[in-house]
Amino acid sequence: MATPDFIRTLRRSIGHDLLWLPGVSAVVFDDEGRVLLNRRSDTGKWSLLGGIPEPGEQPAACAVREVEEETGVHCVVERVVVVQALRPVTYDNGDTCQYMDISFRCRAVGGEARVNDDESLDVDWFAVDALPELNEFGMLRIKQALMDAPTWFDPMSSE
């Protein structure tokens, strides 16, 4: 994920200290029920799409923007899947962040899936029963997006 300019400015003041940030993730389905994923250039792993809203940007608009920027796919937000504080993460450069993630279920409405920026090595659609290896976060969000009822998962627990 590219670091937004406003975060670089904050980092000049706070160094590597914990930074509390909003984040969005998008579980994008096509008409065949497949899920859109990208293989991240920073980790080499398959992941849901997402990013950090710019100051003043609405979370749903950010999800739509991030999907298009990263994959070339146009989507619409159908609903919020979950809002959840995630575990703190420390990046290779020593920066520590904790995200309040808002995950959205989205539907693709146009565009063609492709690598559309330097944040992705690959982009593809996957059947729900044939997903590549994903972290716990990604798998849980996909399961939640497929359910009609709200679900709860405590990312701070060790289970």
Side-chain angles (χ1 to χ4, degrees), residues 1-29 35-73 75 77-106 113 115-126 128 131-147 150-159:
M1 168 178 359
T3 304
D5 290 338
F6 79 93
I7 293 175
R8 286 191 191 115
T9 301
L10 286 170
R11 285 287 178 206
R12 284 195 290 273
S13 297
I14 67 167
H16 298 299
D17 289 349
L18 178 67
L19 184 57
W20 178 249
L21 291 169
V24 301
S25 55
V27 183
V28 183
F29 292 99
V35 179
L36 181 63
L37 301 174
N38 74 327
R39 194 161 57 89
R40 297 173 54 108
S41 59
D42 59 348
T43 65
K45 297 180 179 181
W46 287 99
S47 178
L48 292 175
L49 302 151
I52 300 169
E54 294 292 332
E57 183 178 28
Q58 294 298 322
C62 176
V64 169
R65 175 181 57 77
E66 288 287 345
V67 169
E68 184 172 357
E69 284 179 0
E70 295 176 18
T71 70
V73 171
C75 69
V77 169
E78 294 183 324
R79 67 177 171 88
V80 172
V81 172
V82 67
V83 177
Q84 193 167 60
L86 303 179
R87 291 183 185 105
V89 60
T90 301
Y91 293 99
D92 290 342
N93 68 357
D95 288 352
T96 304
C97 297
Q98 187 169 9
Y99 296 94
M100 174 62 73
D101 179 70
I102 304 170
S103 293
F104 295 95
R105 178 188 166 108
C106 301
V115 173
N116 205 41
D117 66 12
D118 61 356
E119 295 182 42
S120 301
L121 298 172
D122 199 2
V123 171
D124 210 345
W125 293 100
F126 293 90
V128 173
L131 295 169
E133 183 178 335
L134 293 172
N135 64 18
E136 177 183 29
F137 172 88
M139 291 301 294
L140 181 66
R141 292 297 188 262
I142 292 168
K143 288 178 186 176
Q144 289 171 316
L146 291 167
M147 301 173 88
T151 59
W152 171 251
F153 168 76
D154 183 356
M156 303 305 215
S157 74
S158 58
E159 300 175 354

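For clarity, every value in this text was computed on a predicted model and none was experimentally measured.
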Of all heavy-atom pairs between [X] and [Y], which one has the smallest distance, and what is that distance?
X    : Y    : answer
A26  : C106 : CB-SG, 4.0 Å
C62  : V24  : SG-CG2, 3.5 Å
V128 : F29  : CG2-CE2, 4.2 Å
E119 : N38  : O-ND2, 4.2 Å
V28  : C75  : CG1-CB, 4.3 Å
L121 : S41  : CG-CA, 3.7 Å

- Message: Can you pull out every salt bridge (Lys or Arg N to Asp or Glu O under 4.0 Å) where at least one residue sits in residues 13-27? Sequence neighbours excluded, please.
- Response: none

side-chain contact (heavy atoms from CB on, under 4.5 Å) with [X]: which residues, sequence neighbours excluded?
X    : answer
D101 : S25, L86, S103, F137, R141
N93  : Y91, D95
I7   : T3, P4, R11, L19, L21, I52

- Counting N and O atoms only, with roles assigned by atom type, does the side chain of R105 sit under 3.5 Å from a partner on the main chain of A145, one being a donor and the other an acceptor? yes

- Is the backbone of N116 close enough, under 3.5 Å, to the side chain of S120 for a donor and an acceptor to pair up by distance?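 No: the side chain of S120 does not pair with the backbone of N116.
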
- Please walk me through it: do V80 and F104 pass side chain to side chain contact (heavy atoms under 4.5 Å, CB included)? CA-CA 4 Å; V80 172; F104 295 95; 3.7 Å; yes

- Item | side-chain contact (heavy atoms from CB on, under 4.5 Å), paired with L37, selected from L131, L49, V123, D124 | L131

Separation between [atom1] of [X] and [atom2] of [Y], rounded to the nearest 0.5 Å:
X    : Y    : atom1 : atom2 : result
L18  : T90  : CG    : OG1   : 8.5 Å
R87  : Q98  : CZ    : CD    : 10.5 Å
I142 : M147 : CD1   : CE    : 14.0 Å
Q144 : Q84  : CD    : CD    : 6.5 Å
L36  : L48  : CG    : CG    : 9.5 Å

- Message: Is the shortest side-chain heavy-atom distance between M100 and V83 below 4.5 Å?
- Response: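 Yes - at least one pair of side-chain heavy atoms lies under 4.5 Å apart.
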
- Query: Among pairs that include at least one residue of residues 47-60, which meet side-chain hydrogen bond (donor to acceptor under 3.5 Å, both in side chains), considering only residues two or more places apart or in two chains?
  - Reply: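 Qualifying pairs, neighbours excluded: E57-R65.
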
- Query: Taking the six-membered ring for Trp, are the ring centroids of F126 and W46 within less than 6.0 Å of each other?
  - Reply: yes

- Partner set under side-chain hydrogen bond (donor to acceptor under 3.5 Å, both in side chains) for T43, not counting sequence neighbours: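 Listed in chain order: nothing, the list is empty.
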
